[in-house]
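In this chain, numbering begins with 1 at the start of the sequence shown. Any value given below was found using the heavy atoms of this structure, including those in side chains, with hydrogens, waters and symmetry copies removed.
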Amino acid sequence: MRHSIKHGPLSPDEAERMIGACRTPREKRVIWVLLDTGLHIRELAKLARGRIDFENQCLYSGERESHDRTYDVRALPLTPRIEPILKSWFGKNESFGLSSRSVQRLIKDVAARAGLGRPICAAALRHTFAVAALRRGVPLVKLLRLST
């Protein structure tokens, strides 16, 4: 199955435009965390305080089932950009505070404001994370462990 342009990764310029189009802490929390971690939209929506280890600067994700496959827990590094955002949010809240549908709507709104000229979904941000990681020299084998 071929992904549509809606799912294709953002160019570096498009990613910067998405980042620049974030107006609220909520928008930054969604867009920046997706770009920096490559989380699935459902993983982001289910993210809870107990899944973040600020001392070791990592976020734990996984334990989901899909089509008879259970994914292992994986540790994703907290980047300097998202660590303060998550510390601030989870210092006062137990959960991420948004449903998958709300996250998708927010992404659509920020993309429209960024003037990208194409529809964007959460998968595009996930793919952008993967491409950026490969460009930074993250070995494909390691990237696959981070993303499944």
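- The shortest distance between side-chain heavy atoms of Arg126 and Leu35 does not fall below 4.5 Å.
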Worksheet item: Does the side-chain contact (heavy atoms from CB on, under 4.5 Å) test come out yes or no for Arg23 and Lys28, once each step is laid out?
Response: CA-CA 7 Å; Arg23 292 183 180 160; Lys28 288 178 183 178; over 6 Å; no
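- For the pair Leu76/Ser61, a side-chain contact is recorded, criterion being any heavy-atom separation below 4.5 Å from C-beta on.
- Arg26 CZ: 12 or fewer foreign heavy atoms inside a 6.0 Å radius.
- One finds the CZ atom of Arg118 at 4.0 Å from the CD atom of Glu14 (value rounded to the nearest 0.5 Å).
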Discussion item. Could you walk me through whether Leu34 and Phe129 satisfy the side-chain contact (heavy atoms from CB on, under 4.5 Å) test, starting with their C-alpha distance in whole Å, then the side-chain angles of each, then the deciding distance to 0.1 Å, before giving a yes or no?
Written reply: CA-CA 8 Å; Leu34 288 173; Phe129 162 80; over 6 Å; no
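- In terms of modelled atom types and a separation under 3.5 Å, the side chain of Arg17 and the main chain of Gly115 share a donor-acceptor contact.
- Among all heavy-atom pairs drawn from Ile107 and Cys121, the shortest one is CG2-C, 4.2 Å.
- Between Glu83 atom CD and Ser88 atom OG the span is 12.0 Å, to the nearest 0.5 Å.
- Side chain of Thr37 to backbone of Val33: a donor-acceptor contact under 3.5 angstrom is found.
- Under a 3.5 Å cut-off, the side chain of Trp89 and the backbone N or O of Pro84 do not form any donor-acceptor pair.
- Closest heavy-atom contact between Ile41 and Ser100: CD1-O, 3.3 Å.
- Here the side chain of Gln57 pairs no donor or acceptor atom with the backbone of Phe54 at under 3.5 angstrom.
- With hydrogens and angles ignored, the 3.5 Å screen pairs a side-chain donor or acceptor of Thr128 with a backbone N or O of Leu10.
- Remark: Arg74 is not positioned above the aromatic ring of Tyr60, lacking an NZ or CZ atom under 6.0 angstrom from the ring centre and at most 45 degrees off the axis.
- Side-chain atoms of Asp109 and Leu106, non-hydrogen and from C-beta on, never get closer than 4.5 Å to each other.
- Residues Trp32 and Ile19 approach most closely at NE1-CG2, 3.4 Å, considering heavy atoms.
- Residues Val131 and Arg135 meet the side-chain proximity criterion, which asks for heavy atoms closer than 4.5 Å.
- Taking each heavy atom of Ser99 and Ala45 in turn, the nearest pair found is C-CB, 3.9 Å.
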Item to complete: May I have the step-by-step check of side-chain contact (heavy atoms from CB on, under 4.5 Å) for Leu59 and Leu39, ending in yes or no?
Response: CA-CA 10 Å; Leu59 174 154; Leu39 288 174; 4.1 Å; yes
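- Taking CZ of Arg29 as the reference point, atom CG of Leu44 lies at 8.5 Å (rounded to 0.5 Å).
- Of the possible donor and acceptor atoms, one in the side chain of Asp53 sits under 3.5 Å from a partner among the backbone N and O of Glu55.
- With contacts defined as side-chain heavy-atom distances shorter than 4.5 Å, the pair Arg49/Ser95 does not qualify.
- Contact check for Ile52 versus Phe90: side-chain heavy atoms found under the 4.5 Å cut-off.
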Worksheet item: Taking it one step at a time, do Lys108 and Ile120 satisfy side-chain contact (heavy atoms from CB on, under 4.5 Å)?
Response: CA-CA 6 Å; Lys108 182 180 175 182; Ile120 300 296; over 6 Å; no
